[in-house]
A.B. asks: 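Got a structure for you, questions after.
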Amino acid sequence: MRSLIDILDFSVEEIDGLINTACDMIESPEKYSDCCRGKKIATLFFEPSTRTRLSFEAAMIELGGSAIGFSDAKNSSTVKGETVADTARVVSCYADIIAMRHPQEGAPLVASLNASIPVINAGDGGHAHPTQTLADLLTIYREKGRFDNLTVGFCGDLKYGRPVHSLIHALSRYTGVKIVLISPDELALPEYIKRDVIEKHGMPYYETTSLDEAIPELDVLYMTRVQGERFDDPEEYFRLKDCYVLDPEKLKNAKSDMIILHPLPRVDEITVDVDSDPRACYFKQVFNGKIMRKSLILKLLKEAEENPVAAKRPTRMLSSNACTNSRCICKTERGLIPQAVETDEGLRCAFCESRIDG
């Protein structure tokens, strides 16, 4: 039985299969309207969400199933001290599949190691957001017709932006992709992603603080919100929150067929008068996200029926070196021993993927 914790859990061929199914769902939705009759998804959202939670619930309902869950950690037994592991075990008795969002990085992985049903990572802290990446990929495919030979610019909060991290991982498996990283120094892409993903796969890239400088060469512009909830220092957030604003004036220098993506919610980083520009695709992303989540739910439930044995990952956890990431689930989950994964670049936390020294 499989879960989706990281976008790299699925091969390129499997993602192509999800996209093909999603495109068929768009063309013939009636074929899929009863596929999950009698099935339930549990949406366990320990931090706020509109699009992602409702997208999962709408996806299951449109497949003929139903949804249960909560949208705030205050409405769960977490306030009584229940662990993620115990929550996953309990919910496995009520539902057929789990979608979990959690502020602690690595929490969905912990859930998948203890649940007896598939778990989907719906965002864990600033770490990863694989189903947003599926929405991004379907949008790029439908708008550009390919993934190869694209120049993709990521603008804004690249440090904490989990959709950015996941999409860069996904694009690293295609040929001819060039990455442009547009951010203030304080919100630059983490070094481990530049080193272990971009540079390791030989992807050409450069960093700049100027959106105006970068925009003329882009095929895809991925705007992001500066996330106040990720900052320990409120003053730093207010200093950086409006560092990039995309407006019609900036778009004058962009390609006529460039597409604009944004994981939403937006605040001030894209002005509302950009919405009418044919290059604006962020609301198309919302629709595509629902369709890709339908495709994903169908795939994971089918595989769970074919192979109901819970998939564990003990072979990845090779030592007990302590993780120093304050946002890692190992800092709050009782009974969870910090573990490390051995990679070509050294040891990483098995839960949040932070580098571990020693």
Side-chain angles (χ1 to χ4, degrees), residues 126-129 132-133 135-137 139-140 143-144 147 149-172 174 176-228 230-231 236-275 277 279-282 285:
H127 177 227
H129 196 349
Q132 178 63 53
T133 300
D136 301 340
L137 290 173
T139 306
I140 293 171
E143 299 299 319
K144 305 299 290 185
F147 299 119
N149 303 311
L150 293 172
T151 298
V152 183
F154 294 93
C155 181
D157 182 358
L158 311 189
K159 180 177 181 180
Y160 301 113
R162 55 195 174 197
V164 172
H165 304 169
S166 290
L167 184 54
I168 289 175
H169 273 92
L171 292 174
S172 71
Y174 298 95
V177 176
K178 179 180 179 180
I179 301 294
V180 182
L181 304 171
I182 309 156
S183 73
D185 292 339
E186 297 89 340
L187 296 176
L189 190 74
E191 286 296 325
Y192 81 89
I193 297 179
K194 286 185 280 188
R195 180 180 57 248
D196 300 348
V197 182
I198 297 177
E199 293 174 2
K200 180 179 178 180
H201 289 88
M203 303 172 76
Y205 80 101
Y206 72 88
E207 297 179 85
T208 179
T209 58
S210 173
L211 176 58
D212 290 331
E213 172 190 311
I215 202 168
E217 68 175 303
L218 302 180
D219 299 303
V220 179
L221 172 59
Y222 201 104
M223 295 295 295
T224 67
R225 172 178 65 94
V226 177
Q227 303 174 79
R230 307 292 176 215
F231 283 76
E236 184 179 27
Y237 164 68
F238 284 108
R239 181 170 60 84
L240 296 171
K241 70 182 183 71
D242 295 325
C243 54
Y244 298 104
V245 178
L246 183 67
D247 57 26
E249 185 65 28
K250 286 188 173 63
L251 286 173
K252 289 180 180 179
N253 296 320
K255 293 180 180 179
S256 60
D257 64 344
M258 184 191 78
I259 63 172
I260 306 163
L261 304 183
H262 191 304
L264 301 179
R266 68 168 163 189
V267 184
D268 300 316
E269 61 277 2
I270 300 178
T271 62
V272 294
D273 46 0
V274 172
D275 296 354
D277 191 297
R279 292 168 288 190
C281 294
Y282 29 90
Q285 273 174 280

A.B. asks: Are the charged groups of Lys178 and Glu217 less than 4.0 angstrom apart, N to O?
C.D. replies: yes

A.B. asks: Name all residues meeting the salt bridge (charged side-chain N to carboxylate O under 4.0 Å, His left out) criterion together with Lys194; count only those two or more places apart in sequence or in a different chain, and write none if there are none.
C.D. replies: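 Expected list: Glu191, Glu207.
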
A.B. asks: Report the residue from Val177, Ile140, Leu150, Val152 that forms a side-chain contact (heavy atoms from CB on, under 4.5 Å) with Asp219.
C.D. replies: Leu150

A.B. asks: Filter on ring pair (Phe, Tyr, Trp, His ring centres under 6.0 Å), then keep only pairs touching residues 187-223, sequence neighbours left out; what's left?
C.D. replies: Phe154-Tyr222

A.B. asks: Would you mind reporting whether His262 and Glu269 have side-chain heavy atoms less than 4.5 Å apart?
C.D. replies: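 The answer is yes; the side chains approach within 4.5 Å.
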
A.B. asks: If you define the side chain from C-beta out and look only at heavy atoms, does anything of Ile260 sit under 4.5 Å from Val220?
C.D. replies: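 Ile260 does not reach Val220 side chain to side chain.
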
A.B. asks: Would you name the heavy atoms of Val267 and Arg225 that are closest together and state the gap between them?
C.D. replies: CG2-CD, 3.5 Å

A.B. asks: Would you call Cys155 and Val180 a side-chain contact if the rule is heavy atoms closer than 4.5 Å?
C.D. replies: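 Side-chain contact under 4.5 Å: no.
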
A.B. asks: Indicate yes or no: at least one non-hydrogen side-chain atom of Leu158 is less than 4.5 angstrom from one of Ile182.
C.D. replies: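 No, every pair of side-chain atoms sits at 4.5 Å or beyond.
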
A.B. asks: Answer yes or no: is there a side-chain heavy-atom contact under 4.5 Å between Val164 and His129?
C.D. replies: no

A.B. asks: Is the shortest distance from a Lys or Arg side-chain nitrogen in Asp185 or Lys159 to a carboxylate oxygen in the other one below 4.0 Å?
C.D. replies: no

A.B. asks: For the residue pair Ser210 and Asp212, confirm or rule out a side-chain donor-acceptor distance under 3.5 Å.
C.D. replies: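 Side-chain D/A pair, Ser210 to Asp212: absent.
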
A.B. asks: Using 4.0 Å as the upper bound for N to carboxylate O, is an ion pair formed by Arg279 and Asp277?
C.D. replies: yes

